[in-house]
Amino acid sequence: MRNAILFFSLFLYSFCSYCQTYTGLVKNAQNEPLPFVNVVATDVIDNKTIAGVLTDETGYFSLIIPTSHAFILTLSLIGYRSREQYFPTTTTQDLGLLLLQEESSELQEVVIHAAQPLLTRKSDRLIFNVENSIVSAGANALEVLQKTAGVRIERDKIGMLGKNSVQILVNNRLCPLTAEDLTAYLRSIRAEDIARIEVMTNPPATYDAEGNSGLIHIVLKKTINNFWGGELTSSFQQSSYTSATVGGSLTYQKNKWSIFSSTNKNDGAIQVQEKNKIYYPTQLWDTDTKIKYFTRFFSNRTGIDYAVNDRSTIGIQYLGNSNRPDNQEQTSTPIYGPSKGIDSLLTTRAHTDKKIVSHALNGHFKTVFDTLGKNMTVDLDYFTYTNTQERINTSNVRIPQREEVDSFTNATNQSITTYTSTVNVEWPLGKVQFDFGGKVSFMQNNSDISTYNHRIEALDLGQSNRFNYSENTQALYASASKTLKKWDIKLGVRLEHTQTKGLSLTLNERQENRYTHLFPTLYVTYTTNENNQWSFNYGKRINRPSYSSLNPFRWYSTPYAYTEGNPFLQPFFSDNFEFAHVYKNNLNTSFYLSKTTNGVDQITLTAPNTVTQATIRKNFLKEISIGLSQSYTFKEWHWLTSYLQYNVNYTEIKSNLSSTKAEQSGLNFYFSLSNTLTFNQTKTLLGEVTFQYVAPGISGMDYITAYHRTDIGIRWLLLDRKL
C-alpha cells in the first residue's frame, strides 16, 4: 500500500512539473467575449514562438509555457487592433482580463477559412465534427448519427458497435426517452445546428457506471445573441402500415435569457412476426405470432436558461411524454404428434390497451470561479413514470370432437418516481485537469397487477400481484488528466454504493441487496504525427436488472405460456478494453475486448410432465467478445461522398445451467455503406443510397438470422435551405 501511495504521488508530481499553464479572458470594449482570437506567446530572449492557441466561444484561452521563460503575449483578430504585452517569469497563472479595441476603419467583408478535421481522437472519446461533413446538408441528427464512426442505426434503434445499448446526451443533458420518442426528438434537431458528436465507447468516471453501454454526446452550436427562430418538420412512412410524424421547435436568445421548446407527435403502426418451435418428447409446438404495434406518442422538451452574471448561469428543463403503444396479437400454434400429423390447434387473440406518461424536470446551476477554468455544476432531477395497461386474452384449443375456450384480462398499474442530485467540479491545477463530484439517487417503483378470469367470472387471486421495489445509490468519483508532449493521459475512479429492496405483497416474498464497488477507468492517447493517433482505454461497468424483470408476477400470452420476473436477479459486471487508431483524421480502427461474468439472459423452460412454457431471466452466463471495427469516409470526387463502416467480432459464451447448451461461440458481422450524391454546384439537390447488412450470428444463447436493408432517397433544399 505504501508503494502504491508513493507511486501515485510521483505520478501526480510528474504531472505538475516543468511547465506552467497560463490562462486569460479576452473581451472587447463592450465587455463581450471574443472567440477565435489568435493568442501567441514569444520567448523574450530568442524571439521564438513557444505556444499558441485560439480563444474559445467564451473568450477563454489556456497556454502551456516552460516556467523559466519570460514571454511576450500577442493577441490578434481581424477587425481589432493587435495587442502585445510583456510578462516576466514571476507572472501569476491567471493573466486576467485582456481587452481588444476595434479598428477605426470598417471592413467590407471578411471570409475566414478554418476547418477542424473530420475526426478527432481525445483521450476518452472520438469526436465527429459535423459542420465539416456534407451529411449536414438538410439532414437531421438521426441521419447524422447513422454516419458517425462506431454508431449503429438499425430499424431506427440507436446502438453502438460492440455495445448492448447506448445513452444520448444533448448539450450534456441526458435524454430519458423511450426508443420511439428519442428517434422523433433527434429528427427534430437540424444537422446544421450540430457542432460535433462525441462518441464514448467507454464512458469516463463522471458518468454512471450503469450498463454495458456507450454514450453519445450531441453538442449543439451556440445560439446567436438577439436571435429567435423556429422550425416545422413532418414525415410520412408507408410499410405494412402507415406512420406519420409532425413536430416543431422554437428558439429565443436575447441578452441574459435563452429559451427553447421542441414538440413532436406521431401516429402509426408497425408489424412484427415471431416464430418459435418447442420440442417435447412426443410433441412439436410450432408457434407463429403476428403483432401489430401502435406507435402513437406526444412529446415536449422545453428549457429556460438565465445568465445571472458573467460567470453564473441557472436554468430549468422539462421533458414530457405521453405514449399509447397498444398492440394486437394473433397467435396460431399447431401441435404435431408422434405421427407428425396435427393433433390439435391452439389459437390466441390478444389486445393490449396501454398508456405511458412520463415527466422529467431538471434544474441546473453552473458557476465559473476564475479564468483558469475552475467551475462547478449542480443538477437536480425529478422523474415520474406511470404505465397503465389492460390486456384481453382469448384462447381456443381445438382437439378432435371438442373445443375449449379460455379468456382472461390482465390489468397493470405501475408508477416510478426518481429523485437525483449531482455535483460536478472541474479544477485545473497547473498542467493537470482534475474533475470530481458525487451523485445520490432515490427510486421507488410500485406495481399492481390483477387477472380476471372470464370463464369463471371472478378475479384470479393466484395470478394477481402487488410488487414494490426501491433502489438507492450514492456515488463519488474523481479523475485527473494531463498532456505530456504527444501523450494524453486520463485516470478516473468511481465508487458506487447501492441498496435495493423488492417486496411482493401478494406472494409475501422479500429480497434485499447491498453492494459497494469501485469502477476504474484509464485512457491513454499518443499522437505520433499529424496523420497518426493511437489510443487505449479500459473501464469497468455494472449492469443492474430492470424493474420489470425483478417482479415475480407471471404474464400469460396463452394458457400454456407465460413470462415471469425473477426477484433474485443479481447485477453483473463487464470489463471493457479498447485499442484504437485514427489515420489522417478519417480512417478509424478499433480493436476491443469485453468480458462479462454472471451475465443475465432470458430463457424458456418447460416443466417435467407438462406442456407449460415458462420464460424467465437468470444469472448464468460468462461471455468474452473480441472484435474489430473500422470506418472511413471517401471523398475522391466532388459529387460523391461515401461513408463505410463494419464490425466483426468473435463471441464465446458459457452457461452454468443444465437446461441450456453448455457453451456456444461464433462470429457476428455488421456492414453499412452510405453514399451521398451532389447533383448541382450549390449542393441543394442531393441523393442518397444506403445499404446495411447483418450476418447470421449469436446473442447470448440465441441464434440470429441475417438481416439486410437498402434505402434510396432524394433531398431537395429550397428557399435558401430553409425548406
Side-chain angles (χ1 to χ4, degrees), residues 159-165 209-213 274-281 283-287 500 502 511 513 515 517 540-555 557 560-577 592-627 647-670 694-707:
M160 191 174 287
L161 301 182
K163 299 292 181 182
N164 296 331
S165 58
E210 165 67 24
N212 185 28
S213 60
E274 298 177 353
K275 295 184 178 183
N276 67 76
K277 294 182 179 181
I278 303 291
Y279 294 89
Y280 294 97
Q283 288 183 332
L284 166 62
W285 290 46
D286 190 359
T287 302
T500 67
Q511 179 70 19
N513 286 307
Y515 46 88
H517 292 283
K540 187 178 183 68
R541 310 285 293 173
I542 184 173
N543 295 261
R544 298 185 178 92
S546 64
Y547 313 139
S548 58
S549 61
L550 292 166
N551 191 337
F553 176 69
R554 293 181 177 181
W555 180 270
S557 55
Y560 304 98
Y562 63 85
T563 300
E564 182 179 27
N566 182 1
F568 300 101
L569 281 179
Q570 298 295 312
F572 62 95
F573 300 89
S574 302
D575 292 280
N576 300 296
F577 303 83
Y592 61 87
L593 183 148
S594 179
K595 180 181 178 182
T596 299
T597 56
N598 201 34
V600 173
D601 199 7
Q602 179 174 285
I603 57 173
T604 299
L605 305 173
T606 57
N609 304 319
T610 71
V611 293
T612 302
Q613 304 152 19
T615 300
I616 190 172
R617 290 182 176 272
K618 288 179 175 289
N619 294 87
F620 67 99
L621 290 181
K622 290 184 178 180
E623 180 176 343
I624 294 180
S625 181
I626 302 174
N647 174 66
V648 58
N649 68 72
Y650 174 80
T651 301
E652 183 178 273
I653 299 169
K654 294 183 179 181
S655 168
N656 59 19
L657 286 181
S658 59
S659 55
T660 67
K661 287 192 285 186
E663 62 179 66
Q664 79 167 355
S665 60
L667 287 173
N668 295 296
F669 177 74
Y670 168 83
V694 179
I698 62 172
S699 175
M701 301 307 294
D702 297 328
Y703 176 79
I704 302 173
T705 58
Y707 160 80

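Listed here is the closest heavy atom pair of Gly666 and Ile698: N-CD1, 3.7 Å. Taking both residues in full, the closest heavy atoms of Tyr515 and Thr500 are given as OH-CG2, 4.3 Å, listed atom of the first, atom of the second, then distance. Contact between Val694 and Tyr670 at its shortest, heavy atoms only, is CG2-CD1, 3.7 Å. When every heavy atom of Asn543 is checked against every heavy atom of Ser574, the shortest pair comes out as ND2-OG, 3.5 Å.
One distance of note links CG of Asn566 with NZ of Lys618; it measures 6.0 Å at 0.5 Å rounding. Separation of atoms CD (Gln283) and CD1 (Ile278) is listed at 12.0 Å; rounding is to 0.5 Å. Atom CZ of Arg617 sits about 11.0 Å away from atom CD1 of Ile603, to the nearest 0.5 Å. Between Asp702 atom CG and Ile653 atom CD1 the span is 9.0 Å, to the nearest 0.5 Å. To the nearest 0.5 Å, atoms OG (Ser594) and CD (Glu623) are separated by 7.0 Å. To the nearest 0.5 angstrom, Ile624 atom CD1 is 5.5 Å from Lys595 atom NZ.
Leu621 is not listed as a side-chain neighbour of Thr596, based on a closest heavy-atom distance of 4.5 Å or more.
With sequence neighbours excluded, no residue forms a ring pair (Phe, Tyr, Trp, His ring centres under 6.0 Å) with Tyr703. Every salt bridge (charged side-chain N to carboxylate O under 4.0 Å, His left out) that Asp575 has, sequence neighbours left out, goes to Lys540. In this structure, the ring pair (Phe, Tyr, Trp, His ring centres under 6.0 Å) partners of Phe573, at least two apart in sequence or on a different chain, are His517. Residues passing the side chain to side chain donor-acceptor pair (under 3.5 Å) test with Thr615, sequence neighbours excluded: Thr604. For Tyr280, the ring pair (Phe, Tyr, Trp, His ring centres under 6.0 Å) partners at least two apart in sequence or on another chain are Trp285. Residues meeting the side-chain contact (heavy atoms from CB on, under 4.5 Å) test with Asn656, sequence neighbours left out: Phe620.
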Test Tyr562 against Thr612 for side chain to side chain contact (heavy atoms under 4.5 Å, CB included), laying out the working first. CA-CA 8 Å; Tyr562 63 85; Thr612 302; 3.6 Å; yes
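Within the 3.5 Å criterion, the main-chain N or O of Asn598 finds a donor-acceptor partner in the side chain of Asn619. Looking only at distances, no side-chain donor or acceptor of Asp601 sits under 3.5 Å from a matching main-chain atom of Gly700.
The only member of Asn668, Asn576, Thr651, Leu593 that meets side-chain contact (heavy atoms from CB on, under 4.5 Å) when paired with Ser625 is Thr651.
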